[in-house]
Participant: 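Quick one: this structure, given as structure tokens, is what I'll be asking you about.
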Amino acid sequence: MAKQGAVITAVRPDSIAAALGINPGDVLVAINGERVPDLIVYRYLCADENLEVEIEKPGGERWLLEIEKDYDEDLGLEFAASTFDGLRRCGNKCLFCFVDQMPRGLRPGLYIKDDDYRYSFLHGNFITLTNLKPRDWEYILRWHLSPLYISVHTTNPQLRSRLLGNPRGGEIMAQLKKLAAAGIQMHTQIVLCPGLNDGLELDRTIKDLSSLFPAVQSIAVVPVGLTSRREHLFPLRRVTPEEAAAIVNRIAAWQAGFRRRFGCGLVYGADEFYLLANLPLPPASYYDDFPQTENGVGLTRLFLDDCKAALANLNRSEIQARRVIIATGTLAAPVLAELVQEVTARAGNLEARVVPVTNFFFGPQVTVAGLLTGRDLLRGLKEAASWAREKEGVILLPDVMLKKDAPVFLDDLTPEMLAAELGVEVEVVPATGKGLVAGCCGRVAIR
């Protein structure tokens with residue numbers, strides 16, 4: 001029978017928990033008599049200065065510890081996951097669900113459809129609100145989970161129910177108003193599906209969401225992501241370059257009005273629209289405080305500005321003479337190529353190539369670097385690797401290609417395996433402008 005509570009995976013050596021004899025493998029059962037289902041409750045309860053902590057040892061022995069501490073002092077416990085009572089699964093059947101388009105054979109965790117509001121608060125995961133039960137609403141309001149990240153897509157009740165494959169989808173505006181009334185801030189997204197929620201439907205959604213400002217803090221419009229594995233699924237298509245340009249103009253018109261009314265842009269277009277339409281990326285001021293970079297909104301602008309700042313502070317005397325391959329997806333390759341030209345011009349003795357790698361695993365229409373597999377990299381880098389080997393070169397990979405908590409690609413190959421197969425050193429660098437410049441130049445100091 002599974003243990004009830006949070007299994008402790010690590011204890012900080014100099015912490016209160018360590019001094020009291022709490023060890024990895026112990027289970028946190030309760031704090032001040034209240035069960036602890038997740039990190040949120042754990043952090044809230046630990047804020048008290050006087051705690052009564054119940055611990056269960058591996059043999060079943062129960063300890064009840066009385067603790068006096070400073071208000072902001074942590075116990076020093078770590079856990080394997082953010083939730084201790086499982087994950088809230090998604091009950092929707094979205095027409096554009098990316099998980100439904102994934103081929104078999106990847107890590108089991110990649111096929112999990114979650115719709116857990118706690119991960120929205122803790123990690124910025126987007127949720128639909130359709131799967132909330134009364135107890136979930138009570139939890140959100142009791143612990144005041146703010147901000148939340150919410151997938152809206154459309155505020156048309158019938159259309160949203162259709163897009164999500166869930167009759168509860170039409171309740172979205174009432175749900176958003178309920179959160180707003182409770183003082184909970186929201187960041188929202190619209191996954192744009194051509195012919196369904198674009199055009200006048202997009203206008204309606206932006207207008208409805210803006211009526212909830214300032215509770216609605218941002219609206220991101222992002223293109224639908226489609227793989228080549230859509231057999232027996234709803235016939236969706238990608239946004240065309242012409243449509244991308246029209247969407248950019250539509251968002252710009254809305255944003256101009258919001259700046260006059262609210263003092264901020266409120267609605268922002270994904271970088272992919274600009275790259276697809278071959279339009280210049282907006283300046284940093286367009287994105288205000290960059291509320292949705294994890295959603296691909298403004299990330300390229302931050303990258304470009306960071307790269308230029310790194311170039312301006314580059315210590316040229318320390319730059320190594322070598323050949324460098326920068327691997328990326330096909331979408332960002334033209335932007336990276338321009339940047340790398342600047343790097344090589346400034347470095348002088350550096351040779352560098354940007355290699356756009358086609359995604360055969362998900363299909364060539366998937367163009368981002370973060371969804372490239374190790375096998376696609378092997379296939380796409382063979383020719384460039386022979387060029388790099390002539391001068392003991394190196395292949396640079398952005399860290400977004402790897403699992404966050406382990407150095408493996410989506411198909412479980414590792415950078416070490418890639419290096420062995422290609423016969424070229426592989427370096428993983430931060431997916432930032434500074435990371436690119438430093439990686440190209442041999443990790444030299446940037447002032």
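Fair warning: this is a prediction, and the values are worked out from it, not measured in the lab. Numbers here simply count residues along the sequence, with the first being 1.
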Participant: So which pairs with a foot in residues 357-378 pass side-chain hydrogen bond (donor to acceptor under 3.5 Å, both in side chains), sequence neighbours left out?
Facilitator: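 Of all non-adjacent pairs touching residues 357-378, those that pass side-chain hydrogen bond (donor to acceptor under 3.5 Å, both in side chains) are T373-D376, R375-D411.
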Participant: What residues form a side chain to side chain donor-acceptor pair (under 3.5 Å) with K403, not counting sequence neighbours?
Facilitator: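 None.
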Participant: Is the shortest side-chain N to carboxylate O distance from R142 to E34 below 4.0 Å?
Facilitator: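 A salt bridge is present here (some side-chain N lies under 4.0 Å from a carboxylate O).
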Participant: Regarding Y139 and D38, is there a side-chain donor-to-acceptor distance under 3.5 Å anywhere?
Facilitator: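 Indeed, the side chains of Y139 and D38 share at least one donor-acceptor pair under 3.5 Å.
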Participant: Decide if atom CD of E294 counts as having more than 12 heavy atoms of other residues, nucleotides or ligands within a radius under 6.0 Å.
Facilitator: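 Counting neighbours around CD of E294, 12 or fewer heavy atoms of other residues, nucleotides or ligands fall under 6.0 Å, so no.
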Participant: Check the side chains of Y119 and D114 for a donor-acceptor pair under 3.5 angstrom, ignoring hydrogens and angles.
Facilitator: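 No, no side-chain donor-acceptor pair sits under 3.5 Å.
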Participant: Looking at Y42 versus F79, is the centre-to-centre ring distance below 6.0 Å?
Facilitator: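 Ring-ring flag for Y42/F79: true, centres closer than 6.0 Å.
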Participant: For residues 265-276, which side-chain donor-acceptor pairs fall under 3.5 Å, sequence neighbours excluded?
Facilitator:
unit_1: Y268; atom_1: OH; unit_2: L266; atom_2: N; d: 3.2
unit_1: Y268; atom_1: OH; unit_2: D288; atom_2: OD2; d: 2.6
unit_1: D271; atom_1: OD1; unit_2: G298; atom_2: N; d: 2.7
unit_1: D271; atom_1: OD2; unit_2: L299; atom_2: N; d: 3.2
unit_1: D271; atom_1: OD2; unit_2: T300; atom_2: N; d: 2.7
unit_1: D271; atom_1: OD2; unit_2: T300; atom_2: OG1; d: 2.7
unit_1: Y274; atom_1: OH; unit_2: Y286; atom_2: OH; d: 3.1

Participant: Just to verify, what does T330 make a side chain to side chain donor-acceptor pair (under 3.5 Å) with, not counting sequence neighbours?
Facilitator: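 Side chain to side chain donor-acceptor pair (under 3.5 Å) list for T330, sorted by chain: empty.
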Participant: Applying side chain to side chain contact (heavy atoms under 4.5 Å, CB included), name anything that partners K177, two or more places apart in sequence or on another chain.
Facilitator: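 In terms of side chain to side chain contact (heavy atoms under 4.5 Å, CB included), with neighbours along the sequence ignored, K177 is linked to M173, L212.
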Participant: If the condition is side chain to side chain contact (heavy atoms under 4.5 Å, CB included), which residues does S151 pass it with, not counting sequence neighbours?
Facilitator: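 Expected list: F126, T128, H153, Q189.
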Participant: Determine whether more than 12 heavy atoms belonging to other residues, nucleotides or ligands lie under 6.0 Å from atom CD of E338.
Facilitator: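 Atom CD in E338 is not crowded, with 12 or fewer foreign heavy atoms closer than 6.0 Å.
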Participant: Can you find a side-chain donor-acceptor pair between E78 and T9 that sits under 3.5 Å?
Facilitator: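 T9 and E78 do not have a side-chain donor-acceptor pair below 3.5 Å.
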Participant: Does atom CD of E66 have more than 12 heavy-atom neighbours from other groups under 6.0 Å away?
Facilitator: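 Atom CD in E66 is not packed in, count stays at 12 or less.
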